[in-house]
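Reckoned from all heavy atoms, side chains included, excluding hydrogens, waters and symmetry mates. These figures come from a predicted structure and were not determined experimentally.
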Amino acid sequence: MPPATGRPSSEPPAGTALASFLRRCVQLLLSPIHVLACLGLWDSFYKKVLPYVTAKVAPICNHKVYKQKQKLFSNLREFAGPSGQLTLLEIGTGTGTNFQFYPPGCRLTCADPNPDFRKFLLKSLSENQHLKLEHLVVASGEDLHQIPDGGVDVVVCTLVLCSVTNIEKVLTEVLRVLRLGGAFYFLEHVAADHSSWKYFWQQICYPTWKLVFDGCCLTREIWKNLEQANFSELKLQHISVALPWTPIQPHIIGYAVK
């Protein structure tokens, strides 16, 4: 089996004839979106709308994983630098739903490629005044050149690696900006077991889901990318989150140390 790279290897296999037929049915039902995409009109429209959609949906999803996130981020302080202050970079910050889990006094840098999230992010910061915003940069996870080498204690990335262009480049940047001994925290939905009905439905939804949800890939085996990255330690769990009637399950959660 070829190594996972976050590019073509993350594409779903051909699947059965039934899966192919149902996939085309879904595409047909949402054909106006596919037409707009072919005309080059969908992407710019959706990137404007996405922050408003996320502001409504993210709190619901956050509630579903509240206990898991609370436990995940409970040891953030352990990775504070020699000064005792924790410098944290969040990739794909979006509306800032993770802010409530960060410890008081945390020095925060937020990176997101979509500048239209800014007003929602600032609103979240006003509701979480225990944090100190140091930098707000418009950048994708693949290119964090504004952040210096070894400049942060912790990098956080939740429900983002599913939609980046290249997972390997993101993890390379994460390792670059982390100081030695720093940690990368993650929570991501991943491909289901290939013999399961969940995976069957992921294959059916894949093309249209990716288009509608800003490049989100349902069938990525992200744990393989993390295992192959040059972290000195990896603590990873496969978990099930109660998200009925959606193809974004199962999930992986954990952290990796540089």
Side-chain angles (χ1 to χ4, degrees), residues 4-12 23 26-27 30 33-34 36-37 40 42-62 64-65 69 89-98 110-118 120-121 137-144 155-174 184-192 198-199 201-226 229 241 243 246-254:
T5 63
R7 280 191 170 184
S9 63
S10 66
E11 302 294 321
R23 188 183 302 133
V26 172
Q27 290 175 308
L30 296 173
I33 294 176
H34 288 274
L36 288 173
W42 174 253
D43 191 61
S44 58
F45 165 75
Y46 189 72
K47 288 191 182 302
K48 291 288 185 182
V49 174
L50 180 62
Y52 294 90
V53 175
T54 305
K56 296 293 184 183
V57 175
I60 299 170
C61 294
N62 216 35
K64 296 285 187 180
V65 293
K69 281 189 176 183
L89 164 67
E90 182 167 354
I91 298 173
T93 311
T95 59
T97 54
N98 288 328
C110 299
D112 199 289
N114 189 339
D116 293 313
F117 273 111
R118 181 183 176 89
F120 298 98
L121 186 152
V137 298
V138 178
S140 67
E142 292 92 340
D143 182 10
L144 299 169
V155 177
V156 172
C157 186
T158 61
L159 302 179
V160 171
L161 293 179
C162 60
S163 58
V164 300
T165 303
N166 190 310
I167 297 175
E168 286 183 338
K169 282 188 177 180
V170 174
L171 295 180
T172 297
E173 280 289 82
V174 167
F184 172 57
Y185 284 73
F186 56 87
L187 167 64
E188 300 289 342
H189 67 81
V190 294
K198 286 181 182 177
Y199 187 70
W201 288 112
Q202 284 177 337
Q203 291 184 82
I204 291 168
C205 296
Y206 178 87
T208 302
W209 187 277
K210 183 178 181 180
L211 181 62
V212 173
F213 292 99
D214 199 33
C216 176
C217 298
L218 294 170
T219 56
R220 286 185 171 176
E221 298 176 334
I222 297 171
W223 67 89
K224 293 183 179 179
N225 299 90
L226 290 163
V241 177
L243 294 170
T246 72
I248 52 170
Q249 48 184 320
H251 289 68
I252 58 171
I253 191 170

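- How far CD of Gln27 is from CG of Leu211: 9.5 Å, rounded to the nearest 0.5 Å.
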Candidate pair Arg23 and Cys205, rule side chain to side chain contact (heavy atoms under 4.5 Å, CB included), full reasoning: CA-CA 6 Å; Arg23 188 183 302 133; Cys205 296; over 6 Å; no

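- In this structure, the side chains of His251 and Leu159 come closer than 4.5 Å at one or more pairs of heavy atoms.
- The side chain to side chain contact (heavy atoms under 4.5 Å, CB included) search around Ile252 returns Phe186, Glu188, Val190, Ile222, Trp223, Leu226, Leu236, His238, not counting sequence neighbours.
- Between Trp209 and Tyr206, the distance separating the two ring centers is not shorter than 6.0 angstrom.
- Among all heavy-atom pairs drawn from Leu144 and Ala139, the shortest one is CD2-CB, 4.4 Å.
- One finds the SG atom of Cys157 at 9.0 Å from the CG atom of Leu89 (value rounded to the nearest 0.5 Å).
- Looking only at side-chain heavy atoms (C-beta outward), Val164 and Ile91 stay at 4.5 Å or farther from each other.
- Checked by atom type, the side-chain pair Glu90/Asn98 shows a donor-acceptor distance below 3.5 Å.
- Minimum interatomic distance between Ala192 and Lys198 (heavy atoms only, all atoms of both residues): CB-CB, 3.6 Å.
- Looking only at side-chain heavy atoms (C-beta outward), Trp42 and Ile33 come within less than 4.5 Å of each other.
- Here Thr172 contributes atom OG1 and Glu142 contributes atom CD; the two are 10.5 Å apart, rounded to the nearest 0.5 Å.
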Cys110 and Leu121: side chain to side chain contact (heavy atoms under 4.5 Å, CB included), yes or no, with the steps? CA-CA 9 Å; Cys110 299; Leu121 186 152; 3.9 Å; yes

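- The distance from the OG1 atom of Thr93 to the CG atom of Asp112 is 6.0 Å, given to the nearest 0.5 Å.
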Ile253 and Lys69: CA distance, side-chain angles, deciding distance, side chain to side chain contact (heavy atoms under 4.5 Å, CB included) verdict: CA-CA 9 Å; Ile253 191 170; Lys69 281 189 176 183; 5.7 Å; no

Could you go step by step and tell me if Val26 and Ile204 meet the side chain to side chain contact (heavy atoms under 4.5 Å, CB included) rule? CA-CA 8 Å; Val26 172; Ile204 291 168; 3.9 Å; yes

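- Scanning both residues, Glu173 and Asp143, for their nearest heavy atoms gives OE2-C, 3.7 Å.
- Asp214 has a carboxylate O that lies under 4.0 Å from a charged side-chain N of Lys47, or vice versa, which qualifies the two as a salt bridge.
- Between the CZ atom in Arg220 and the CG atom in Leu161 there is a gap of 8.0 Å [rounded to 0.5 Å].
- Looking at heavy atoms from C-beta onward, Leu171 lies in side-chain contact with Phe184 at the 4.5 angstrom threshold.
- One distance of note links OG1 of Thr95 with CG of Asn62; it measures 8.0 Å at 0.5 Å rounding.
- Between Pro247 and Gln202, the closest heavy-atom pair is O-NE2, 3.0 Å.
- Residues Phe117 and Thr54 are in side-chain contact: their nearest non-hydrogen atoms beyond the backbone lie under 4.5 Å apart.
- Taking the side chain as every heavy atom from C-beta outward, Lys210 and Cys216 never approach each other to under 4.5 Å.
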Audit row: Tyr46, Phe213, ring-ring contact (aromatic ring centres under 6.0 Å, His included) steps and yes/no: CA-CA 9 Å; Tyr46 189 72; Phe213 292 99; 7.2 Å; no

